[in-house]
Amino acid sequence: MAKGQFPVDRLQQIQTPFYYYDTELLRQTLRCINAEAQKHEGFVVHYAVKANANPRILRIIREAGFGADCVSGGEIEASVKAGFPAAKIVYAGVGKADWEINLGLDNDIFCFNVESIPELEVINDLAGQKGKVARVAFRLNPNVGAHTHANITTGLAENKFGIAMKDMETVIAEAEKLPNVKFVGLHFHIGSQILDMGDFEALCNRVNELQDQLDRHRIRVEHINVGGGLGIDYGHPNRVPIPDFKAYFDTYARKLKLRPGQTLHFELGRAVVAQCGSLITRTLYIKEGTQKKFAIVDAGFTDLIRPALYQAYHKIENITSEEPIEAYDVVGPICESTDVFAKQTDINGCRRGDLLAIRSAGAYGEIMASQYNLRRLPQGYMSDEI
């Protein structure tokens with residue numbers, strides 16, 4: 001959504017800070033994903049709920065026919081409540097509690113993505129107590145590096161996630177011995193905010209090697225799950241509002257050698273929702289520093305933690321000003337020096353009361369908000385509802 005397309009008059013009436021979601025852009029993005037994925041036989045898309053679990057967002061994504069990728073019991077509950085079919089829900093996570101596993105079993109979800117033999121044994125025991133057989137996929141750590149921030153790289157050997165490749169056959173053999181689990185797939189995820197298709201090609205090559213190894217032992221895999229990870233253009237949300245899903249899906253179609261009848265599962269999160277969301281905040285004060293100007297706003301890292309946590313860049317626009325461009329440090333009210341959204345960023349001249357839009361915040365924004373300093377959680381508003 002370009003700056004001039006924000007409904008400023010309506011936004012002025014809402015107490016800041018809050019999240020504003022362009023639902024038409026979200027639907028356009030979902031249509032694009034479906035159009036590109038459906039060009040390839042056996043491609044199945046799940047939405048990574050951890051990116052944004054706003055109930056209205058979830059309903060729109062469910063209406064588009066996506067499955068849900070969950071990493072907690074709370075996300076399973078939210079997905080079921082939003083209407084996602086249990087047969088399209090996958091559950092991942094390195095530390096699944098018993099109540100969360102039981103929740104998945106009670107709802108007969110599609111699959112548990114398992115990350116260790118101890119976890120496999122617990123799932124088997126809990127499923128046995130219910131007289132059920134749990135479908136499981138093993139999350140393998142492919143030791144593939146991704147060109148992204150170190151904190152969101154998940155596929156290296158030293159990461160906490162996944163099972164080492166050398167143990168693949170051991171864990172599959174272990175599953176075959178257990179009466180209340182059924183091995184149905186392999187799961188991978190190498191990281192997030194990946195823009196280099198070469199990283200996904202490297203994952204495809206590794207999966208091909210592992211499948212060849214399994215073929216030699218006559219072990220058949222029904223489903224391959226390659227996670228998500230596709231990034232967005234944080235620098236140009238107006239120019240590039242929808243990621244290059246064609247290149248993403250085509251990379252897997254060209255490079256991954258699926259066996260007959262196999263399905264390929266994706267778990268897209270950021271790429272689905274990031275660009276449709278903006279954090280709207282009001283300017284409280286303009287402070288003249290010794291060598292710079294500060295725009296002090298009423299949003300803080302309690303509302304959007306990514307800049308403080310990852311040093312992440314978000315484009316900031318003054319949507320109520322046409323004044324000449326000036327450089328500001330845009331900072332929040334939290335009693336921490338890291339409560340900074342941007343340093344020396346160029347925006348239209350600010351005055352008290354101006355609304356700023358912190359763009360590309362639909363993913364890992366509202367969902368990561370906290371009440372530190374006893375602040376209120378930000379609300380989310382849809383463009384077609386205000």
Side-chain angles (χ1 to χ4, degrees), residues 33-34 36-48 66-71 87-93 109-116 120 134-144 146 154-155 159 161-176 181-192 194 197-230 245 247-269 271:
I33 294 170
N34 277 332
E36 295 301 333
Q38 289 168 8
K39 291 177 181 177
H40 309 290
E41 184 177 357
F43 280 24
V44 180
V45 181
H46 304 264
Y47 167 64
F66 284 43
D69 160 44
C70 301
V71 293
K88 290 186 176 182
I89 295 176
V90 295
Y91 177 26
I109 64 171
F110 173 69
C111 185
F112 292 85
N113 293 334
V114 173
E115 306 212 14
S116 68
L120 177 69
R135 290 174 293 275
V136 299
F138 291 117
R139 177 171 179 172
L140 297 181
N141 195 326
N143 200 24
V144 171
T154 59
N159 292 133
F161 302 99
I163 297 166
M165 290 184 298
K166 65 181 179 62
D167 297 327
M168 175 181 66
E169 293 177 37
T170 300
V171 296
I172 292 174
E174 182 67 19
E176 296 296 329
V181 294
K182 179 184 179 183
F183 166 64
V184 298
L186 298 177
H187 178 229
F188 306 86
H189 183 67
I190 59 173
S192 186
I194 299 169
M197 294 300 134
D199 292 339
F200 298 122
E201 290 186 14
L203 174 59
C204 290
N205 292 337
R206 190 58 48 82
V207 175
N208 290 339
E209 294 170 7
L210 293 172
Q211 289 240 77
D212 289 344
Q213 181 180 335
L214 292 176
D215 284 347
R216 289 193 289 272
H217 294 272
R218 298 182 180 178
I219 297 173
R220 183 177 182 277
V221 181
E222 295 178 42
H223 311 284
I224 301 293
N225 185 326
V226 290
L230 180 63
F245 293 110
Y248 176 71
F249 289 120
D250 284 356
T251 296
Y252 283 101
R254 287 186 292 103
K255 297 295 182 177
L256 191 61
K257 300 174 183 176
L258 290 178
R259 276 42 177 176
Q262 276 186 334
T263 57
L264 182 60
H265 295 250
F266 300 87
E267 298 168 343
L268 293 169

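- The backbone N or O of K257 sits less than 3.5 Å from a side-chain atom of N208, completing a donor-acceptor pair.
- Annotation: side chain of D215 is in contact with side chain of R259 (closest heavy-atom distance under 4.5 Å).
- With a 4.5 Å cut-off on side-chain heavy atoms, F266 and D69 do not count as touching.
- Residues F112 and L120 have side chains not in contact (no heavy-atom distance under 4.5 Å, counting atoms from C-beta outward).
- If you take CD on E41 and CG on L258, they are separated by 9.5 Å, rounding to the nearest 0.5 Å.
- Taken to the nearest 0.5 Å, the CD atom of E115 stands 9.0 Å off from the CG atom of N141.
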**Report entry** Intermediate values then yes/no, side-chain contact (heavy atoms from CB on, under 4.5 Å), F188 and L210
**Finding:** CA-CA 12 Å; F188 306 86; L210 293 172; 3.7 Å; yes

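- Nearest approach of I163 to V114, heavy atoms of both residues: CD1-O, 3.9 Å.
- L214 is listed as a side-chain neighbour of M168, based on a closest heavy-atom distance under 4.5 Å.
- Two residues are said to be in side-chain contact when any heavy atoms from C-beta on lie closer than 4.5 Å; V207 and L186 fail this criterion.
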Requested in this report: Let me see the working for E209 and M165 under side-chain contact (heavy atoms from CB on, under 4.5 Å), right down to the final yes or no.
Outcome: CA-CA 11 Å; E209 294 170 7; M165 290 184 298; over 6 Å; no

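- Taking every heavy atom of both residues into account, C111 and V136 meet most closely at SG-C, 3.8 Å.
- I109 approaches I89 most closely through the heavy-atom pair CB-O, 3.6 Å.
- In this structure, the separation between CZ on F200 and CD1 on I190 is 5.5 Å, given to the nearest 0.5 Å.
- Taking the six-membered ring for Trp, F43 and Y252 have ring centres at least 6.0 Å apart.
- Between R216 and Q213 there is a side-chain heavy-atom pair separated by less than 4.5 Å.
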Can you give me every donor-acceptor pair (side chain of residues 219-226, partner residue at least two apart or in another chain, under 3.5 Å) with its distance?
residue	atom	partner	partner atom	Å
H223	ND1	T263	OG1	2.5
H223	ND1	H265	NE2	3.4
N225	OD1	G227	N	2.9
N225	ND2	E267	OE2	2.8

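- Nearest approach of H189 to G228, heavy atoms of both residues: ND1-N, 3.2 Å.
- Among all heavy-atom pairs drawn from L140 and A164, the shortest one is CD2-O, 4.4 Å.
- Residues passing the side chain to side chain donor-acceptor pair (under 3.5 Å) test with K182, sequence neighbours excluded: none.
- Nearest heavy atoms, V90 versus F110: CG1-CD2, 3.6 Å.
- Taking the side chain as every heavy atom from C-beta outward, F249 and H40 approach each other to under 4.5 Å.
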